[in-house]
Amino acid sequence: MTIRVRFAPSPTGDLHVGNVRTALFNWAYARHTKGTFVFRVEDTDAARDSDESYARLLDDLRWLGLDWDEGPEVGGPYGPYRQSERRAVYAETIDKLRAAGHVYESFSTPEETEARHRAAGRDPKLGYDGFDRDLTDEQRAAYRAEGRLPVLRVRMPDEEISWHDLIRGDISFAPGSVPDFVVVRGNGEPLYTLTNPLDDALMRITHVLRGEDLMPSTPRQIVLYRALIDIGATDFVPSFGHLPFVMGEGNKKLSKRAPEGSLHRYREGGYLPEGLLNYLALLGWSIGPDRDVFSLDEMVAAFDIADVNANSARFDPKKCEVINATHIRMLPAPEFARRLGEYLPDADPALVEAAAPLVQERIQTLVEGADMLRFLVDADIEMDEAAAAKQLGDAGQQVLTAALLALDALPSWDATSIEAALQAALVEGLGLKPRNAYGPIRVAVTGRTVSPPLFESLELLGRERSLARLRAAVA
RNA sequence: GGCCCCGUCGUCUAGCGGCCCAGGACGCCGCCCUCUCAAGGCGGUGGCGCCGGUUCGAAUCCGGUCGGGGCUACCA
């Protein structure tokens with residue numbers, strides 16, 4: 001049987017890195033096993049879902065490079081892949097489930113249930129008590145006469161429910177520890193509790209890999225699966241694997257609210273998708289001893305869900321950045337230039353290609369690279385006041401004047417000649433230490449104390465612009 | 001409260017009974033290199049939560065304890 005896995009987010013906001021890692025592990029497992037990666041959108045909550053989020057979801061997944069075999073815009077044999085377009089399927093299944101007695105109408109409000117628990121001396125937070133399980137037709141009619149609309153609940157069997165988790169081993173829930181749960185709202189709309197396992201069943205998902213927060217709902221889903229098998233909707237219960245959390249600040253599960261978890265922060269911040277994905281893969285998985293940088297292809301070749309460990313991991317922005325930097329360095333020069341160019345939309349591609357090698361080894365993100373090359377791209381530089389105060393004072397003026405003299409007469413404008421001329425004029429001529437000799441020039445030309453290598457920068461800037469900036473810096 | 005999961009350096013991990021008085025990466029601290037910043041090189045800091053048990057032998061197996069996290073909606 002070929003392995004079918006899925007990523008099924010709801011479009012209620014931007015993806016966060018925990019979601020992305022879940023998608024990555026599903027994707028990698030599918031690719032490793034030559035299986036199928038299904039992408040399904042769970043937009044059954046009209047109040048929270050939005051079309052913008054939906055569009056961004058697809059765009060983000062594409063940017064990451066996690067291509068799907070079935071799903072929105074690519075289709076597939078089990079579509080549609082947006083739950084909002086599957087209403088008819090749900091309605092039909094609900095009818096069958098009801099006819100077979102797997103679900104029943106429940107009129108109790110949470111307050112009533114709680115009151116019954118109190119009256120019986122039980123913990124009021126126990127959850128639904130099964131009060132409506134065996135209502136007679138007359139009783140149901142009476143509730144309806146009051147204007148109440150029933151939800152539909154699944155009847156949980158009075159037995160232990162267990163499964164062998166792909167990541168955690170044997171897990172079981174004691175009889176009676178999981179209350180009958182709601183699958184259809186009073187207004188007839190199906191809930192996630194129904195649509196998620198139902199679509200997994202209908203889409204023939206063989207391995208459900210998801211966050212560990214869904215573990216407590218697994219026994220309910222297993223029971224629902226049995227009901228679905230009974231009504232002929234499917235013929236097997238999938239395997240489950242519950243991925244550990246990605247934690248954020250304060251050791252709390254990373255949520256959509258936490259800014260450090262937002263995918264867009266990394267996308268807009270100049271991260272490479274392969275860098276971010278590599279880092280995320282490190283959270284809960286290891287490609288092998290003494291190794292933590294690898295390509296997506298290498299990950300696919302090595303990935304097995306059984307190797308994922310069960311303990312939660314803290315997202316470390318610093319290490320993420322370092323891994324990203326490593327991937328930046330691994331890029332072939334032309335490819336690096338192309339990607340850097342995306343963050344310098346108004347720059348001449350030829351210039352970016354020539355300048356890219358100067359920054360490739362000194363940046364963590366593409367945004368930093370773009371920043372560092374700003375002085376080459378823009379007509380005017382933005383002078384850092386603190387840098388100017390430090391480097392363009394009396395001593396600096398002397399340096400600039402000497403540099404101007406040496407460079408103005410230079411026959412050939414290339415890095416080697418520039419270096420030789422400045423070395424002769426400043427280090428030997430004025431007897432300056434190199435750092436004192438080149439500091440003022442760097443600031444005059446780039447506006448900052450930190451820049452790409454100076455001589456190459458001057459070459460790329462060109463004689464005219466270089467001299468103009470030096471002159472402008474002379475008081 | 002109830003149910004469930006987890007527990008190796010500050011962080012992410014390797015380790016699946018002897019190869020480990022625990023290895024790597026990030027961070028941090030030194031040194032080297034150096035036109036700034038990086039990169040690179042060298043060295044250092046630092047951990048098996050605790051208590052029992054099994055065993056000739058435990059980071060590895062079992063029990064307990066403590067600690068952390070999650071779920072407990074007519075959200076997903």
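This structure is a prediction, so every number in the text was calculated from the model and none was measured.
Between Leu358(A) atom CG and rA39(B) atom C1' there is a gap of 14 Å when expressed in whole angstrom units. Protein atom CD1 of Ile287(A) is 19 Å distant from nucleotide atom P of rG24(B), rounded to whole Å. Straight-line distance from the CD atom of Glu112(A) to the P atom of rA73(B): 16 Å, rounded to whole Å. Going from atom CZ of Arg435(A) over to atom P of rC33(B) covers 14 Å, rounded to whole Å. When rounded to the nearest whole Å, the span between CD of Glu419(A) and P of rU36(B) equals 12 Å. With rounding to whole Å, Glu321(A) atom CD is found 11 Å from rA39(B) atom P. Atom CE of Met247(A) and atom C1' of rG67(B) are 13 Å apart (whole Å). Whole-Å rounding puts the Glu456(A) CD to rC37(B) C1' distance at 14 Å.
Among the protein residues, Lys125(A) comes within range of the nucleic acid bases, having at least one heavy atom under 4.0 Å from a base atom.
Across all non-hydrogen atoms, the minimal contact from Gly270(A) to Val367(A) is N-CG2, 3.6 Å.
Between Glu105(A) and Arg98(A) there is a salt bridge, since a side-chain N of the basic residue sits under 4.0 Å from a carboxylate O of the acidic one. We find that Glu112(A) and Arg148(A) are joined by a salt bridge, their nearest charged nitrogen and carboxylate oxygen being less than 4.0 Å apart. Classification of Arg133(A) and Asp180(A) as a salt-bridged pair holds, one side-chain N sitting under 4.0 Å from a carboxylate O. Between Asp60(A) and Arg56(A), none of the side-chain N atoms (NZ, or NE/NH1/NH2) sits under 4.0 Å from a carboxylate O, so this pair counts as no salt bridge. For the pair Lys319(A) and Asp292(A), the salt-bridge criterion is met [side-chain N within less than 4.0 Å of a carboxylate O].
Annotation for Arg329(A): atom CZ counts as buried by contact number, over 12 foreign heavy atoms lying within 6.0 Å.
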Please list, for nucleotides 45-48 of chain B, all pairs of protein and nucleotide N/O atoms separated by less than 3.5 Å.
none

Sort me out a list of protein N/O and nucleotides 41-44 of chain B N/O pairs below 3.5 Å, or just none if empty.
none

Report all interatomic pairs (protein N or O, nucleotide N or O of nucleotides 74-76 of chain B) with separations under 3.5 Å.
{"from": "rC74(B)", "atom 1": "O2", "to": "Gly186(A)", "atom 2": "N", "distance (Å)": "3.0"}
{"from": "rC75(B)", "atom 1": "OP1", "to": "Arg185(A)", "atom 2": "NE", "distance (Å)": "3.3"}
{"from": "rC75(B)", "atom 1": "OP1", "to": "Arg185(A)", "atom 2": "NH2", "distance (Å)": "3.2"}
{"from": "rC75(B)", "atom 1": "OP2", "to": "Arg185(A)", "atom 2": "NE", "distance (Å)": "2.9"}
{"from": "rC75(B)", "atom 1": "OP2", "to": "Arg185(A)", "atom 2": "NH2", "distance (Å)": "2.8"}
{"from": "rC75(B)", "atom 1": "O2'", "to": "Asp45(A)", "atom 2": "OD2", "distance (Å)": "2.6"}
{"from": "rC75(B)", "atom 1": "O2'", "to": "Arg48(A)", "atom 2": "NE", "distance (Å)": "3.0"}
{"from": "rC75(B)", "atom 1": "O2'", "to": "Arg48(A)", "atom 2": "NH2", "distance (Å)": "3.0"}
{"from": "rC75(B)", "atom 1": "O2", "to": "Arg48(A)", "atom 2": "NH2", "distance (Å)": "3.2"}
{"from": "rA76(B)", "atom 1": "OP1", "to": "Thr44(A)", "atom 2": "OG1", "distance (Å)": "2.9"}
{"from": "rA76(B)", "atom 1": "OP2", "to": "Tyr192(A)", "atom 2": "N", "distance (Å)": "3.0"}
{"from": "rA76(B)", "atom 1": "O4'", "to": "Arg48(A)", "atom 2": "NH2", "distance (Å)": "3.4"}
{"from": "rA76(B)", "atom 1": "O3'", "to": "Glu42(A)", "atom 2": "O", "distance (Å)": "3.4"}
{"from": "rA76(B)", "atom 1": "O2'", "to": "Ser10(A)", "atom 2": "OG", "distance (Å)": "3.1"}

Pick out the pairs of N or O atoms, protein on one side and nucleotides 4-14 of chain B on the other, that lie under 3.5 Å.
{"from": "rC5(B)", "atom 1": "O2'", "to": "Arg168(A)", "atom 2": "NH1", "distance (Å)": "2.3"}
{"from": "rC12(B)", "atom 1": "OP1", "to": "Arg314(A)", "atom 2": "N", "distance (Å)": "3.1"}
{"from": "rC12(B)", "atom 1": "O2'", "to": "Leu282(A)", "atom 2": "O", "distance (Å)": "2.9"}
{"from": "rU13(B)", "atom 1": "OP1", "to": "Gly284(A)", "atom 2": "N", "distance (Å)": "2.7"}
{"from": "rA14(B)", "atom 1": "OP2", "to": "Asn309(A)", "atom 2": "OD1", "distance (Å)": "3.4"}

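Both distances falling under 3.5 Å, in either a Watson-Crick or a G-U wobble arrangement, place rG63(B) opposite rC51(B). Base pairing analysis places rC26(B) opposite rG10(B); the two distances defining the Watson-Crick or G-U wobble pair are each below 3.5 Å. In this structure, rC33(B) makes no Watson-Crick or G-U wobble pair, since no nucleotide meets both defining distances under 3.5 angstrom. Pairing of rC71(B), defined by two Watson-Crick or G-U wobble distances under 3.5 Å, is identified with rG2(B).
Within a heavy-atom distance below 4.0 Å of RNA chain B, the residues of residues 438-445 of chain A found are Tyr438(A), Arg442(A).
Proximity of a side-chain donor or acceptor of Arg465(A) to a complementary backbone N or O of Val445(A) within less than 3.5 Å is not detected. Remark: the backbone N or O of Ile441(A) is not paired with any side-chain donor or acceptor of Gln391(A) at under 3.5 angstrom. Judged purely by atom type and a 3.5 angstrom limit, Trp68(A) has no side-chain atom pairing as donor or acceptor with the backbone of Arg6(A).
Among residues two or more places apart in sequence or in another chain, the salt bridge (charged side-chain N to carboxylate O under 4.0 Å, His left out) test is passed with Arg82(A) by Asp43(A), Asp51(A).
Shown are Phe294(A), Phe25(A), Tyr279(A); of these, the ring-ring contact (aromatic ring centres under 6.0 Å, His included) with Trp285(A) is made only by Phe294(A).
Among the nucleotides rA39(B), rG69(B), rC35(B), the one closest to the side chain of Phe245(A) is rG69(B).
With the nearest nucleotide of RNA chain B identified for both Val322(A) and Val450(A), Val322(A) has the one nearer the 5' end. Residue Leu454(A) is the one, among Leu454(A) and Gln364(A), whose nearest nucleotide of RNA chain B lies closer to the 5' end (criterion: closest heavy atom).
Both the sub-6.0 Å distance and the 45° axial angle are satisfied by Arg116(A) relative to the ring of Phe131(A).
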Please evaluate residues Arg40(A) and Thr195(A) with respect to the criterion side chain to side chain donor-acceptor pair (under 3.5 Å), reporting the C-alpha separation (whole Å), side-chain torsions for both, the decisive distance (0.1 Å), and the verdict. CA-CA 11 Å; Arg40(A) 182 176 73 230; Thr195(A) 62; over 6 Å; no
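For the C1' atom pair drawn from rU34(B) and rA14(B), the interatomic distance equals 35 Å after rounding to whole Å.
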